[in-house]
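Quick notes on the structure that follows.
These figures come from a predicted structure and were not determined experimentally. The sequence lines fix the lettering, A, B, ..., with proteins before strands; numbering per chain opens at 1.
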There are 2 protein chains.
Amino acid sequence: MEFRISPASGLPIYQQLVEQVRSGVARGKLAADEKLPSVRELSQSLVINPNTVARAYTELERDGVLYTRPGMGVFVAAKSAPLTKKVRRERLLPLVDQLLVEAVEMGCSLAELSKLISERSTVFEWNGTSEPSNASGGKRK
Amino acid sequence: MEFRISPASGLPIYQQLVEQVRSGVARGKLAADEKLPSVRELSQSLVINPNTVARAYTELERDGVLYTRPGMGVFVAAKSAPLTKKVRRERLLPLVDQLLVEAVEMGCSLAELSKLISERSTVFEWNGTSEPSNASGGKRK
DNA sequence: CAACTGTACTAATACTAATAGGACAGTCGG
DNA sequence: CCGACTGTCCTATTAGTATTAGTACAGTTG
């Protein structure tokens with residue numbers, strides 16, 4: 001998987017990397033136990049400091065997205081046991097509300113928003129009890 | 001409307017204020033042409049610097065959420081003309097994707113996410129061509 | 001005119017992002 | 001065992017931002 005950073009993003013570089021890894025895992029572009037580029041390798045190809053890459057990896061490992069095999073590299077962690085429904089709700093609510101605020105603010109209808117969500121949802125790797133109506137989001141490798 | 005700031009939030013104070021105003025407007029807790037507390041008044045009640053409040057107000061005015069009547073105060077702006085569907089899509093996509101990534105990451109199903117969204121959507125003031133199924137989100141004042 | 005409104009400006013402090021360079025411990029292939 | 005790789009840790013430095021502080025100005029109200 002390719003990584004890109006854009007100075008115009010406004011977000012810190014290490015955070016851009018974190019988001020790209022998270023997104024890649026959720027989209028199935030990064031498979032479990034797949035090896036990520038080494039800290040030094042990625043820092044050279046992106047022309048940034050190794051410490052910046054290391055910070056991103058460290059944060060992702062803390063959150064259970066990656067794991068480290070000392071001396072070998074960092075790898076994509078297998079999907080951990082799903083959290084409680086209550087915990088999921090608590091963590092998703094702020095994001096949901098933020099999305100709804102923005103949608104309402106710009107005069108979007110609820111139907112339009114729902115359509116947008118179901119559109120984008122087809123690309124992700126859902127593992128719950130219900131799948132997206134469209135199954136076009138299969139693993140590519 | 002009451003404003004609160006939490007030092008533990010991690011977000012800058014001015015940004016917390018911006019979010020609360022946006023949220024209040026989208027939820028109908030702040031009506032059009034309603035007057036907001038003055039810069040000095042709010043800064044005293046929250047025990048923060050007037051400049052911090054002024055920064056939040058300035059940013060909100062730049063985005064068309066508030067307007068200023070010189071010498072009188074800042075007020076909630078009326079809903080502006082809705083943007084193009086294309087523009088709405090472009091601005092909402094990043095948030096939608098971020099939400100989907102988080103949901104997938106914690107093992108949430110699409111059905112569970114949809115339910116959560118429709119649950120929260122009842123509190124907002126939609127003005128599109130389609131309303132939420134539940135009408136409990138009426139204006140209170 | 002007096003008291004309020006938002007705005008503008010400068011200065012100082014504190015924290016964070018990012019870079020730089022160096023050092024350490026674990027693991028592999030020879 | 002040895003060299004080359006892996007991630008991690010440490011200190012120092014630079015740059016940018018958030019926040020506070022105090023002052024000043026222009027417009028509006030009564």
note = When rounded to whole Å, the CD1 to P distance for the pair I5(A) and dA18(C) reads 9 Å
ask   = Want to settle it: does G71(A) or I13(A) sit nearer the 5' end of DNA chain C, counting the closest nucleotide to each?
value = I13(A)
query = Within the structure, does a side-chain N or O atom of R55(A) lie under 4.0 Å from either OP1 or OP2 of dA18(C)?
reply = no
ask   = Hey, is the main chain of V87(A) close enough, under 3.5 Å, to the side chain of T84(A) for a donor-acceptor pair?
value = no
query = What is the distance, rounded to the nearest whole Å, between atom CG of L66(B) and atom C1' of dT5(C)?
reply = 15 Å
ask   = Phosphate oxygens OP1/OP2 of dG7(D): is one of them under 4.0 Å from a side-chain N or O of T68(A)?
value = no
task = Give a yes or no answer on whether the side chain of S23(A) reaches the backbone of E19(A) with a donor-acceptor pair at less than 3.5 Å.
result = no
inquiry  = Between dG22(D) and N51(B), counting only base atoms on the nucleotide and side-chain atoms on the residue, is there a donor-acceptor pair under 3.5 Å?
reply    = yes
inquiry  = Looking at dC4(C), I'd like to know if its phosphate oxygens (OP1 or OP2) sit under 4.0 Å from a side-chain N or O belonging to S38(B).
reply    = no
key: Main-chain N/O of S121(A) paired with W126(A) side-chain donor or acceptor, under 3.5 Å   = yes
request  = Select one nucleotide: of dA18(D), dT20(D), dA17(C), the one nearest the side-chain heavy atoms of Y14(A).
outcome  = dA17(C)
ask   = Any side-chain N or O of T52(A) under 4.0 Å from OP1/OP2 of dT19(C)?
value = yes
task = Could you pick out which residue, L11(A) or M72(A), lies toward the 5' side of DNA chain C when each is mapped onto its nearest nucleotide?
result = L11(A)
inquiry  = Could you check whether Y14(A) and N51(A), counting side-chain N and O atoms only, form a donor-acceptor pair closer than 3.5 Å?
reply    = no
message = Whether the side chain of R40(A) and the base of dG7(D) hold a donor-acceptor pair under 3.5 Å is what I'd like checked.
response = yes
